[in-house]
Engineer: 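Please read through the structure below; I'll follow up with questions.
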Amino acid sequence: MLSSFLRRLATAIPSLIGVIIVTFLLTRVLPGDTAAYFAGPAATPEAIEEIRVKLGLDKSIPEQFVDYVGALVQGDLGSSLTTGQPVIQDIIDRLPASAELTLFGLFIAIAVAVPLGILAAVRQGSWIDHLCRIVATAGVSLPVFFTGLLLVYVFYYILGWAPAPLGRLDVFAFPPDPITGFLLIDCVLVGDWETLGSALAQLAVPSATLAIFALAPITRITRASMLSVLSSEFVRTARASGLSPFKVIVGYAFRNAMLPVITTLGMVFSFLLGANVLVEKVFAWPGIGSYAVEALIASDYAPVQGFVLAMAIMYVVLNLLIDLLYGVIDPRVRIEG
Amino acid sequence: MALLEIRDLSVRFGRFQAVSGVDMTVEAGEIVGVVGESGSGKSVTSLAVMGLIDAPGKVTAKSMAFDGRDLLALSAKARRRLLGRDIAMIFQEPMTSLNPSYTVGFQIEEVLAIHGLKDRRKRRERAVELLEMVGIPDAGRRLSSFPHQLSGGMNQRVMIAMSVALDPRLLIADEPTTALDVTIQAQILRLLVDLQRQKGMGLVFITHDLGVLAEIADRVIVMYAGEVVEMATTADLFARPAHPYTAALLNALPDRAVVEAKVTGWRGRLPAIPGVVPGPFDRPAGCLLQPRCAFADERCVAVHPDLLPGGNGAVRCHRPLMPDGQPGPDRMEVPA
């Protein structure tokens with residue numbers, strides 16, 4: 001088991017090397033002169049040149065790459081020109097905010113989509129099936145920034161139920177000292193229930209935005225997968241043995257319908273990482289998505305590279321987890337050895 | 001009192017009449033063979049007995065009684081309690097009829113558990129005992145195998161073990177040997193018949209292979225396009241088929257054709273029944289077999305025959321075949 005796990009882990013290394021090369025090249029071909037931007041509009045050509053040398057941008061591309069990889073191996077992702085901080089520190093500061101938002105959104109989406117998909121499959125053609133279809137169609141048709149703005153308009157501006165979309169916490173609330181960086185978890189650990197409520201209120205609308213986006217594919221796949229499993233012969237056997245409908249659906253059918261759902265979850269999670277960038281902008285969320293966008297606009301290479309690398313690592317880890325989950329769910333996938 | 005007594009069972013899916021007016025009785029300790037082509041309503045009939053026809057399928061019957069209890073009057077829960085315990089079923093595809101995500105032991109024990117065997121150790125012991133009974137070597141270890149790790153024949157043995165786990169009084173076997181290769185078929189057949197004798201179960205054996213029924217069945221019911229066309233004891237049916245369809249099925253048996261060819265020196269194609277079973281949209285008027293029947297006349301085209309006593313049991317034909325294999329006189333004067 002351990003050796004197959006390690007072997008699976010090793011296959012991730014080429015992907016990571018590829019990601020490092022591509023992000024490096026991509027940031028180099030982007031338009032915009034970092035040195036000129038950094039020096040400011042009033043800088044003389046000599047000053048710009050001086051900065052260029054200081055940043056190592058006067059060297060050839062291969063040399064720059066060697067420098068970059070050398071630093072990377074030591075855990076140095078470079079420094080952001082705009083925040084002046086090491087990129088690794090920025091990412092560590094901001095990643096929990098993004099992760100909290102994404103995971104919470106995904107959690108809501110699963111909690112709604114999976115039961116909805118199951119019910120739609122069990123009661124095929126009923127109102128719940130039609131509801132499922134509407135949700136799926138709406139979810140894929142509405143862009144995230146639009147649902148985000150719409151929800152802000154309705155729940156903050158018109159109804160006044162949601163707080164102002166200005167980040168993770170109300171301006172008057174005091175965040176607890178960071179322990180994990182995840183605000184919700186930190187509040188629970190410290191026992192600060194007031195701040196927890198405030199954080200949840202701030203989190204509700206942006207995570208709902210992400211959830212609506214993620215609902216559609218999960219519902220659709222759950223429904224389709226359940227339908228095919230429900231018509232399978234082993235479900236008929238289970239029913240012929242006198243099992244109750246609930247047990248047949250949840251214990252026998254859903255377990256076998258889970259593989260495609262898990263696969264989709266992995267894909268949805270990666271879509272969410274992308275959608276995050278927009279949602280963080282709309283809700284002024286201090287996550288790594290908005291950080292990367294700001295860096296990109298400023299031609300600030302290091303944070304962009306760091307961001308893409310962080311995303312790639314998350315993605316690889318996620319796929320690894322999904323592969324392992326497959327084996328837990330379906331014995332036919334389990335690697336023998 | 002018969003173990004299973006069905007009167008006038010009909011199943012329809014929307015506008016398609018899958019089964020119409022089927023009568024069937026099964027006595028305890030008896031093997032009843034049900035034979036017919038694909039689409040003749042054999043499986044649908046058995047699923048209706050099990051209560052496994054889902055909407056939009058609709059089941060109606062004058063009565064459908066198991067051991068004197070009307071199945072159609074029972075609540076869903078009460079009916080479920082019978083399934084697996086008093087009435088059990090074996091299906092055609094052993095490889096897909098077991099849940100791929102659970103071990104075979106788990107699946108056998110599950111049946112025991114839902115019908116009230118709460119003690120884990122006893123369940124385990126009973127599962128081992130069952131696997132040994134169906135001839136699976138090294139039963140204790142096999143319990144932790146997954147279905148994909150076993151062969152088709154082994155899986156069918158597991159299915160049989162599962163179905164007889166609670167000593168049911170009626171076992172419905174829907175083409176249990178069709179998906180297996182010939183040597184395994186014979187083993188599984190022997191196993192089923194042995195178990196049936198030992199336990200005195202009523203066994204409904206559904207197949208499209210008349211040869212199998214000749215070996216095991218006490219009585220045979222021949223179905224065509226959702227109707228019973230002939231019922232008789234096995235010996236009578238094979239010796240003197242009264243319905244042209246039964247006769248044609250018997251002629252289509254390769255064994256018989258080969259024997260005949262040896263006698264007559266005839267060489268050529270094996271006899272087959274031309275055409276296919278009518279589907280939802282091409283049901284003929286009159287007798288349903290009429291377009292495929294060699295002896296059909298005007299009355300067969302116009303009037304749908306009833307299932308009436310005749311031949312050696314009951315037969316649905318205007319002019320049942322005589323012992324010489326030719327149609328007899330029209331039964332028009334027989335009161336309906």
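Throughout, a chain's letter reflects where its sequence line sits, starting with A, and its residues are numbered from 1.
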Engineer: Find out whether I53(B) and K58(B) are in side-chain contact, i.e. whether some heavy atom of one side chain is under 4.5 Å from a heavy atom of the other.
Structural biologist: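 Sidechains of K58(B) and I53(B): no contact.
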
Engineer: If you count heavy-atom pairs within less than 4.5 Å of chain A, which of G84(B), G51(B), A76(B) leads?
Structural biologist: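 The option with the most such pairs is G84(B).
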
Engineer: When only pairs under 4.5 Å are counted, which of M50(B), E93(B), M89(B), Q107(B) shares the most heavy-atom pairs with chain A?
Structural biologist: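 When all of M50(B), E93(B), M89(B), Q107(B) are compared, E93(B) has the most.
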
Engineer: By the definition side-chain contact (heavy atoms from CB on, under 4.5 Å), identify the one residue from L195(B), L171(B), V111(B), V134(B) that meets it with S163(B).
Structural biologist: L171(B)

Engineer: Would you call R79(B) and D70(B) a salt bridge, using N to O less than 4.0 angstrom?
Structural biologist: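 No, R79(B) and D70(B) are not salt-bridged.
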
Engineer: By a 4.5 Å heavy-atom criterion (distance strictly below it), what part of S241(A) contacts chain B: side chain, backbone, both, or neither?
Structural biologist: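 Contact with chain B is through both the backbone and side chain of S241(A).
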
Engineer: Is the shortest side-chain N to carboxylate O distance from E109(B) to R120(B) below 4.0 Å?
Structural biologist: no

Engineer: Between R169(B) and D67(B), is the closest basic N to carboxylate O distance under 4.0 Å?
Structural biologist: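 Result for this pair is yes, salt bridge flagged.
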
Engineer: Compare all side-chain heavy atoms of L180(B) with those of Q187(B) and state whether any distance is below 4.5 angstrom.
Structural biologist: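 When only atoms from C-beta onward are counted, Q187(B) and L180(B) do not touch, as no gap falls below 4.5 Å.
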
Engineer: Could you tell me which portion of L47(B) (side chain, backbone, both or neither) has an atom closer than 4.5 angstrom to a non-hydrogen atom of chain A?
Structural biologist: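 Side chain of L47(B) only, per the 4.5 Å heavy-atom cut-off to chain A.
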
Engineer: Taking every heavy-atom pair that is under 4.5 Å apart, which of S244(A), A238(A), S232(A) has the most such pairs with chain B?
Structural biologist: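 Of S244(A), A238(A), S232(A), S244(A) has the most heavy-atom pairs under 4.5 Å with chain B.
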
Engineer: Under 4.5 Å heavy-atom distance to chain A, tell me which part of L98(B) shows up: side chain, backbone, both or neither.
Structural biologist: backbone

Engineer: E110(B) versus chain A, heavy atoms under 4.5 Å apart: side chain, backbone, both or neither?
Structural biologist: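 The answer is the side chain of E110(B).
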
